[in-house]
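These numbers were taken from a predicted model, which means no experiment stands behind them.
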Amino acid sequence: MKKINHIGIAVKNIDETLPFYTETLGLTFRGVDEVDSEGVKVAFLSIGESNFELLEPLHEESPIAKFIEKRGEGIHHIALEVDDIHARLEQFKSEGIRMIHDQPKQGAHDTQVAFLHPKAANGVLLELCQPKQED
């Protein structure tokens, strides 16, 4: 594990939430992306070497919409940056760690991601992420 890459925060509406993070907290807005496979719109804000990721559902069937319906807005996950996501997934599988994804998926900004099941980490949803390698 290299560092905490970001903390994902589920919100109902990014446009309404963004001013708190940019104006009140003074974080730097880095842009918005959509991850159609997860039905989510994502806004990125930098804080030091880490980021906040605001997650807005694009439709009612989105995992984020279901999360908000069940638990309300708030922290959704913590993302840990890794150098080799495939090796980490193999390690966790061999150790019997409960996973949501056995293989990496495409995340925002061409990042490879996979989630550990919250029961593996005492109720915390952890995401492994491997950013796109710069040439």
Quick check: do Asp15 and Lys41 have side-chain heavy atoms less than 4.5 Å from each other? yes

How long is the span from the NZ atom in Lys12 to the CD atom in Glu69, to the nearest 0.5 Å? 10.5 Å

Would you say Val40 and Val113 are hydrophobically clustered, going by side-chain heavy atoms of ILVMFWY under 4.5 Å? no

Measuring from atom CG of Leu58 to atom CD of Glu34, what distance do you get when rounded to the nearest 0.5 angstrom? 5.0 Å

Spell out, yes or no, whether Ile9 and Ile14 are grouped together once hydrophobic residues are joined by side-chain heavy atoms under 4.5 Å, including indirect joins. yes

For Leu54 and Val32: C-alpha separation, side-chain torsions, deciding distance, then whether side chain to side chain contact (heavy atoms under 4.5 Å, CB included) applies. CA-CA 9 Å; Leu54 303 181; Val32 174; over 6 Å; no

Heavy-atom distance under 4.5 Å between the side chains of Glu81 and His6, does that happen here? no

Pairwise distance CG(Leu55) to CZ(Phe67) - rounded to 0.5 angstrom: 9.5 Å

Hydrophobic clusters here meaning ILVMFWY residues chained together by side-chain heavy-atom distances under 4.5 Å, can you tell me if Val42 and Ile4 are in one? no

May I have the step-by-step check of side chain to side chain contact (heavy atoms under 4.5 Å, CB included) for Gln91 and Glu95, ending in yes or no? CA-CA 6 Å; Gln91 172 196 345; Glu95 294 174 359; 3.2 Å; yes

Indicate if Val82 and Met99 have the same hydrophobic cluster label, given that clusters are the connected sets of ILVMFWY residues with side-chain heavy-atom separations under 4.5 angstrom. yes

Below 4.5 Å, heavy atoms only, C-beta onward: do Ser50 and Ile7 meet side chain to side chain? no

Using every non-hydrogen atom in the two residues, find where Ala108 and Val35 come nearest and quote the distance to one decimal. N-CG2, 3.6 Å

To the nearest 0.5 Å, what is the distance between CG on Leu80 and CD1 on Ile85? 10.5 Å

Heavy atoms only: give me the nearest Glu16-Pro19 pair and the separation to one decimal. O-CD, 3.6 Å

Taking His101 for its side chain and Pro104 for its backbone only, find out whether a donor-acceptor pair lies under 3.5 Å. no

Give the minimum heavy-atom separation between Ile68 and Pro57, together with the two atoms involved. CD1-CD, 4.0 Å

Please name the pair of heavy atoms, one in Lys66 and one in Glu60, separated by the smallest distance, quoted to 0.1 Å. CG-O, 4.3 Å

With Gln112 as reference, evaluate Gln106, Gln130, Gln103 under the side-chain hydrogen bond (donor to acceptor under 3.5 Å, both in side chains) test and give the passing residue. Gln106

To the nearest 0.5 Å, what is the distance between NE2 (His76) and CZ (Arg71)? 8.0 Å

Do you know which of Leu126, Val124, Leu125 makes side-chain contact (heavy atoms from CB on, under 4.5 Å) with Pro118? Leu125

Taking all non-hydrogen atoms of both residues, which atom of Leu128 and which atom of Arg88 are closest, and how far apart? CD1-CB, 4.0 Å

Should we count CD1 of Ile75 as having more than 12 external heavy atoms under 6.0 Å? no

Ala10 versus Ile64, closest heavy-atom pair with distance: CB-CG2, 4.0 Å

Does Thr24 reach the main-chain N or O of Tyr21 with its side chain, forming a donor-acceptor pair under 3.5 Å? no

What is the distance from atom CD1 of Ile97 to atom NZ of Lys119, rounded to the nearest 0.5 Å? 14.5 Å

How are the rings of His109 and Phe44 set relative to one another: parallel (under 30°), tilted (30 to 60°) or perpendicular (over 60°)? tilted

